[in-house]
Amino acid sequence: MQRIYLKGIHKDFYREIELIASLFFEEVKVTDSLAEPVDAVLQFSIKEANPASVTVLLSEPSGEQTWQAFHQQEIQETDVKAYRKRLKKLISYTVLQVFQQATGIIQSWGILTGVRPTKLLHSMLLKGSKATEAAQVLQREYLLQPEKIEILQEIIERQLTMLPDLYSLDREVSLYIGIPFCPTKCAYCTFPAYAIQGRNGSVEEFLAGLHEEIAAIGNWLKERNLPVTTIYYGGGTPTSISATQMDALFTQMKRYIPTYNQVREITVEAGRPDTLEPEKLALLKQWQIGRISINPQSFKEETLKLIGRHHTVRETLEKYQLAREMGISNINMDLIIGLPNESMEEFQNSLEVIQELKPESLTVHTLSFKRGSIMTQNKEKYRVAKRDEIEEMVRMARVWAKQAGYVPYYLYRQKNILGNQENVGYAFPGQESLYNIIIMEEKQTIIGLGCGAVSKMVAPQTGKIKRWPNPKEPQAYINTYQQHIHGKLQTLDEMFGFSILA
Ligand code: SF4
């Protein structure tokens with residue numbers, strides 16, 4: 001834990017400073033108290049005039065070494081809130097620079113600490129900026145490195161090619177169905193995923209609730225004449241439930257979801273190869289599920305054991321082959337950079353196997369130590385690659401993807417992601433997942449049904465966003481799903497401007 005003592009700055013700005021400092025150190029606490037020893041001192045001198053300026057002096061507590069950064073900028077905004085927002089950005093900018101000097105680490109994402117950097121670029125383009133102007137702003141004001149700007153631009157272009165109506169999809173919705181079961185729990189996982197074995201009763205009860213939720217949401221969509229753009233079954237691993245249960249679920253969806261036959265894309269996460277049997281694959285084909293995910297994460301046996309996947313490399317390859325033989329024509333695979341004991345060599349090997357398999361899309365995640373995962377709770381047991389190597393692997397994936405004919409089409413970042421890097425979805429052009437674009441760019445309402453499903457409601461016209469999380473835990477869902485249906489539909493009515501249901 002790095003304790004950083006702050007001087008000469010209002011508490012309102014502490015959060016920004018902590019976020020920027022966290023890009024350089026694993027755990028950071030900013031404080032205005034010297035009651036406990038501190039590791040560094042940040043002294044600010046801020047001029048709230050126009051131009052506004054920020055000077056930051058970073059020093060060791062002994063005062064032996066110091067670093068200084070200064071930045072000033074015209075702030076056009078006169079509204080107090082907007083002015084403050086710009087000032088926060090200016091502070092982040094200066095703090096980043098002083099830490100970059102002190103550590104020698106250049107942050108490729110500059111001062112961007114949020115999950116969805118592509119949203120920023122979309123909003124600039126929506127406000128009328130040209131691509132080149134937007135790129136200059138990202139470099140000048142946000143300190144992004146050219147390679148990150150380039151990937152953002154490529155992604156936006158692919159997104160608008162695949163969804164030319166992305167900015168006007170707000171009068172349709174997409175659906176997310178959360179099935180909270182997996183064969184076992186992976187060590188890095190924080191999704192709602194409960195080991196399915198021995199849970200027969202509660203699986204049935206959960207599914208009964210889910211069927212009710214599907215009927216209620218389906219009726220609501222029908223009454224309000226709202227079409228569905230995409231459907232995504234995630235979790236957990238939806239293919240953990242039995243073939244009979246899957247069949248009943250798809251039947252219920254078809255029965256209640258209006259415009260079901262016109263839905264542009266349906267994806268089922270079949271992430272764990274150990275859940276895939278011929279009968280289930282036949283069902284996916286029969287129900288015209290256009291896209292599935294079979295996720296190797298790594299092609300090294302020891303790694304799979306270490307992270308608790310409980311399936312073998314061979315099983316991944318066999319199930320992939322089987323899915324192909326059974327006619328599944330759009331398969332995504334996930335890899336993770338930075339898994340324990342893995343370096344460039346193992347990752348290179350994983351990419352080579354992917355090159356042979358040629359899935360239609362590949363999502364390259366960078367490992368993140370999420371709070372609450374088994375891995376984070378036992379962090380000392382896992383040895384992961386260093387920052388530089390992680391950066392190299394991310395770069396390697398990008399170069400490899402280009403050569404193999406894949407294009408990047410969505411990107412997101414997470415807290416505590418190794419090397420402050422990102423997760424990138426690559427696909428063969430034309431095979432990009434529309435749902436992934438929609439969820440990242442937050443231009444359309446996604447209604448979440450089932451366990452751990454978070455509805456994200458985007459108000460047409462204003463773009464205002466409200467979240468409605470369903471319970472994560474199956475028993476909590478079983479106990480409360482009816483209240484959630486009711487509350488969710490009321491909120492949806494408000495967000496879409498429909499009259500509130502009696
Ligand atoms: S398969 Fe996915 S959802 Fe299931 S435990 Fe592993 S990471 Fe979590």
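Whatever order the structure lists ligands and atoms in, that order sets their numbers, starting from 1.
- Judged purely by atom type and a 3.5 angstrom limit, T184 uses its side chain to pair as donor or acceptor with the backbone of G308.
- One finds no salt bridge joining D388 and K386 here, because no Lys/Arg side-chain nitrogen approaches an Asp/Glu carboxylate oxygen to under 4.0 Å.
- Here the options are I20, I17, L19, the test is side chain to side chain contact (heavy atoms under 4.5 Å, CB included), and the partner is S92; only I20 passes.
- Using a 4.0 Å cutoff on heavy atoms, T184 counts as a contact of ligand 1.
- Here the closest heavy-atom approach between residue T259 and residue V228 is recorded as OG1-N, 3.2 Å.
- Taking distances strictly below 2.8 Å, the protein N/O/S atoms close to atom 8 (Fe) of ligand 1 are C189 SG.
- Evaluation of the ring pair (Phe, Tyr, Trp, His ring centres under 6.0 Å) rule for F181 yields F206 as partners, not counting sequence neighbours.
- Ring centroid separation for the pair Y426 and Y409 does not come in under the 6.0 Å cut-off.
- In this structure, R309 counts as a contact residue of ligand 1, since one of its heavy atoms falls inside 4.0 Å of the ligand.
- Ring orientation note: the planes of Y176 and Y232 are close to parallel, at an angle under 30° on the 30°/60° scale.
- Ranking protein heavy atoms by distance to atom 1 (S) of ligand 1, first place goes to R272 CG, 3.3 Å.
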